[in-house]
Every structure is written in structure tokens, then in C-alpha cells.
Amino acid sequence: MDRLRHFIKRNGNSSGNGASSEPLPPPAKSGGHGDHWGCVFRAVEQDTILALIQDVVANDSRPDGFQAPGGGAAYHSSSSPVRVCVLVAGGTLESAYPEAIPGTEWPIVVREVIPWANGIEGQLSGECHGASVSFFDTRFYANRYKYRVGEQYNFRMSAFAYTAGRASDAEVEIDTGTKVSLKGARAYMPASLGTNTDADIDEYWFHSPIESAASEVEFAGRRLHVLPITMAIPGDFDMSLVLYAAGHTLDASTNLDSAEEIDLEGYLWLQGYMADL
């Protein structure tokens with residue numbers, strides 16, 4: 001219990017015991033993805049998160065094994081389409097995060113593989129039909145040695161909302177000086193280009209209409225809004241995905257009863273995993 005509590009309070013991972021026995025592509029980043037629970041839980045719900053992690057480890061009798069000194073195991077909850085993934089390496093808890101499955105398939109050319117310091121978590125940067133995209137690989141622990149820079153792989157993509165709400169009727173000025181309305185636009189940009197300069201590479205500002213009727217799913221005793229959006233349409237390819245938004249991340253003034261008639265705007269955490277298994 002103390003180990004779990006220390007993990008959550010650090011908003012990251014312990015290092016060392018979970019490092020891979022094989023060389024990792026440099027440079028390895030410090031930290032990890034244990035700080036993304038805010039997409040699902042409020043900050044005051046740390047005890048709920050701890051209990052959830054304990055429950056997953058106790059009840060998954062067939063965890064996915066992966067290579068790590070002392071052995072590695074990925075434990076998963078039985079929930080769907082959002083589940084918990086808990087990573088243990090060498091007998092030490094390394095990380096835990098919410099994972100969306102199955103996700104919408106995107107073809108992505110990998111340009112950079114970015115491991116975290118624990119060696120079993122990481123991010124990928126690449127291009128989807130020419131559009132730059134970076135995301136957290138929820139199954140990096142299993143696939144980290146399969147990637148080759150310059151190669152294209154199919155990934156199943158999803159996202160969790162940090163914040164989301166009805167978009168304002170804003171206009172942007174293009175190169176010619178003409179002002180263009182964002183109504184109906186499908187656009188995204190790295191969150192670090194806005195006011196949050198410390199945002200990580202898998203965090204994005206987005207603007208998109210809700211593409212079809214919103215719904216809800218249950219996860220860990222709470223309801224998540226299921227919001228189908230499209231981040232962009234490069235080369236006539238729809239970068240579509242499901243955005244999962246907990247109640248506390250959705251602006252209270254957003255009326256989802258008429259969701260198909262509104263544009264959403266906010267910040268999201270982009271994640272995916274390789275579909276070519």
C-alpha cells in the first residue's frame with residue numbers, strides 16, 4: 001500500500017528495476033504516465049485510484065508478460081472500452097494508467113521512438129498522411145523493440161479529455177489577412193504552443209464538431225462521456241477517434257443532448273497502440 005501511495009503522489013514512476021535488459025533508443029525521458037488519472041478522477045480521489053490499482057493486480061490472473069529484469073507483467077482490468085493497465089517489473093510497481101480499446105485505426109510513419117527512463121513506457125512521434133502526431137503508446141512495454149524509424153504501422157488511436165466544452169464562434173486570420181470562421185473546423189495543435197508551455201508532446205488543443213451522437217460508458221464506478229471527433233483530415237484521411245470525457249473535465253454549459261450540432265474545443269491526451277499484432 002505504501003509503495004502504491006508513493007507512486008501516485010509522485011505522479012510518475014520509480015526507475016531502475018523496470019529498465020529493459022536491452023539498449024533503449026536515446027534519450028530516455030524521466031517520469032512516466034502515472035499522472036494522467038486526472039482525466040478520469042479528481043485530484044482528491046487518490047485513495048480510489050490506489051484501491052483500483054490494487055484490485056486490478058489482485059484479480060487479473062493472466063497478466064501479459066514482457067521482458068524486464070526479474071520479469072515484467074502488465075495487469076488489466078476487465079472493463080471495456082476503457083480499462084486500467086498496471087505495469088510491474090522486477091516485482092516493483094512501475095506505472096498505472098487508463099487505456100482505451102479498441103480505438104480507430106490510423107496509419108502512422110514512425111519518425112522518433114521516445115522511451116521513458118523506466119524503459120517500459122514511451123511515446124512515438126510520426127506522421128499520419130503527412131500530419132505530425134505524437135502519442136503515448138499504451139503497449140510500449142510489449143512492442144518497444146519492434147519499431148523501426150521510417151516504417152509505417154497501423155495504430156489504434158483514442159484520447160482522454162483534460163478539458164472540453166462548447167467551442168466559441170471564433171475566427172482566425174490566415175496568411176492573406178482574411179478572417180476565417182472555425183465553425184465546423186477539424187483542427188489541432190500541440191498544447192505546448194498555447195499557454196501551457198510545459199505540456200508534453202502527446203497533449204493537444206483540439207477543435208472539432210461532434211461527429212455522431214454522444215453516449216456514455218461506465219468505468220471504475222463513474223460515467224465517461226463518449227464523444228466521436230475528428231482531429232484533422234489530411235490527404236482526405238479522417239483522423240477520427242473517440243474522446244472520453246469525465247464529468248469534471250466537461251464544461252457545465254455544454255449541452256450534449258444536441259451534441260451533433262455543436263463544436264467541441266479543449267485539451268486532450270492522445271494515446272494509441274500498434275494494431276499489427
Side-chain angles (χ1 to χ4, degrees), residues 1-8 12-22 24 32-37 39-41 45-105 113 115-124 135-147 153-160 217-222 224 226 242 244 269 271-277:
M1 184 67 178
D2 289 339
R3 177 178 291 165
L4 292 175
R5 189 177 301 278
H6 181 59
F7 159 74
I8 293 295
N13 308 320
S14 58
S15 59
N17 289 339
S20 168
S21 61
E22 296 185 26
L24 286 166
H33 281 79
D35 57 350
H36 285 79
W37 287 104
C39 295
V40 179
F41 298 96
E45 297 181 280
Q46 289 190 2
D47 287 342
T48 301
I49 302 171
L50 292 168
L52 180 62
I53 293 172
Q54 285 185 306
D55 182 70
V56 170
V57 174
N59 288 290
D60 185 356
S61 60
R62 300 183 65 182
D64 296 334
F66 60 85
Q67 184 178 352
Y75 296 83
H76 298 99
S77 64
S78 60
S79 54
S80 177
V82 178
R83 65 181 184 177
V84 179
C85 179
V86 182
L87 301 182
V88 174
T92 299
L93 173 71
E94 288 291 344
S95 190
Y97 46 83
E99 176 186 17
I101 51 176
T104 307
E105 197 166 301
V113 179
W116 288 81
N118 61 18
I120 58 176
E121 288 183 287
Q123 298 155 310
L124 301 176
F135 60 96
F136 171 56
D137 181 359
T138 61
R139 300 184 189 175
F140 188 82
Y141 60 86
N143 298 323
R144 61 197 190 275
Y145 299 122
K146 298 178 182 179
Y147 302 123
Y153 306 89
N154 292 326
F155 292 90
R156 297 194 179 277
M157 307 297 293
S158 302
F160 288 88
V217 295
E218 184 172 348
F219 172 68
R222 65 213 58 224
L224 298 180
V226 179
V242 169
Y244 295 94
W269 172 39
Q271 61 170 232
Y273 61 90
M274 189 165 66
D276 303 332
L277 299 178

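Proximity of Trp37 to Val84: side-chain heavy atoms (C-beta onward) are separated by under 4.5 Å at one or more points. Between Met274 and Phe155 there is a side-chain heavy-atom pair separated by less than 4.5 Å. Between Arg156 and Ile101, the closest side-chain pair of non-hydrogen atoms is not below 4.5 Å. The closest side-chain heavy-atom distance from Phe41 to Leu52 is below 4.5 Å. Side-chain contact check for Phe140 versus Gln123: every heavy-atom pair is 4.5 Å or farther apart. Tyr75 has its side chain out of reach of Asn59: every pair of non-hydrogen atoms, C-beta onward, lies at least 4.5 Å apart.
Between the side chain of Tyr97 and the backbone N or O of Thr138 there is at least one donor-acceptor pair closer than 3.5 Å. Within the 3.5 Å criterion, the main-chain N or O of Ala73 finds no donor-acceptor partner in the side chain of Tyr141.
Shown here for Met157 and Gly272, the closest heavy-atom pair between the two residues is SD-CA, 3.9 Å. Contact between Ala74 and Phe66 at its shortest, heavy atoms only, is N-CE2, 3.8 Å. Residues Gly103 and Ser158 approach most closely at CA-OG, 3.5 Å, considering heavy atoms. Shortest non-hydrogen contact noted between Ala100 and Tyr244 is CB-CE1, 3.6 Å. In plain terms, the two heavy atoms of Cys85 and His76 that are nearest each other are SG-NE2, 3.6 Å.
Checked against side chain to side chain donor-acceptor pair (under 3.5 Å), Thr104 has no partners two or more places apart in sequence or in another chain. Residues satisfying the side chain to side chain contact (heavy atoms under 4.5 Å, CB included) criterion with Val40, sequence neighbours excluded, are Pro98, Phe160, Phe219, Arg222, Leu224.
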Inset, instruction - Before giving the answer on side chain to side chain contact (heavy atoms under 4.5 Å, CB included), spell out for Arg144 and Val113 the whole-Å C-alpha distance, their side-chain angles and the decisive distance to 0.1 Å. - result: CA-CA 8 Å; Arg144 61 197 190 275; Val113 179; 6.0 Å; no
Legend entry - Derivation of the side chain to side chain contact (heavy atoms under 4.5 Å, CB included) call for Glu94 and Glu121: CA-CA 9 Å; Glu94 288 291 344; Glu121 288 183 287; 5.8 Å; no
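Put simply, CG on Asp60 and CG on Asp55 are 10.5 Å apart, with the number rounded to the nearest 0.5 Å. From Asn143, atom CG reaches atom CG of Leu124 across 9.0 Å, with rounding to the nearest 0.5 Å. Note: Glu218 CD to Ser80 OG = 12.5 Å, rounded to the nearest 0.5 Å. Of the inter-residue distances, the one linking Ile53 atom CD1 with Ser77 atom OG reads 11.0 Å to the nearest 0.5 angstrom.
By the 30° and 60° cut-offs, the orientation of the rings of Phe136 relative to Trp269 is parallel.
Between the side chains of Tyr147 and Asp137, a donor-acceptor pair is found at a separation under 3.5 Å.
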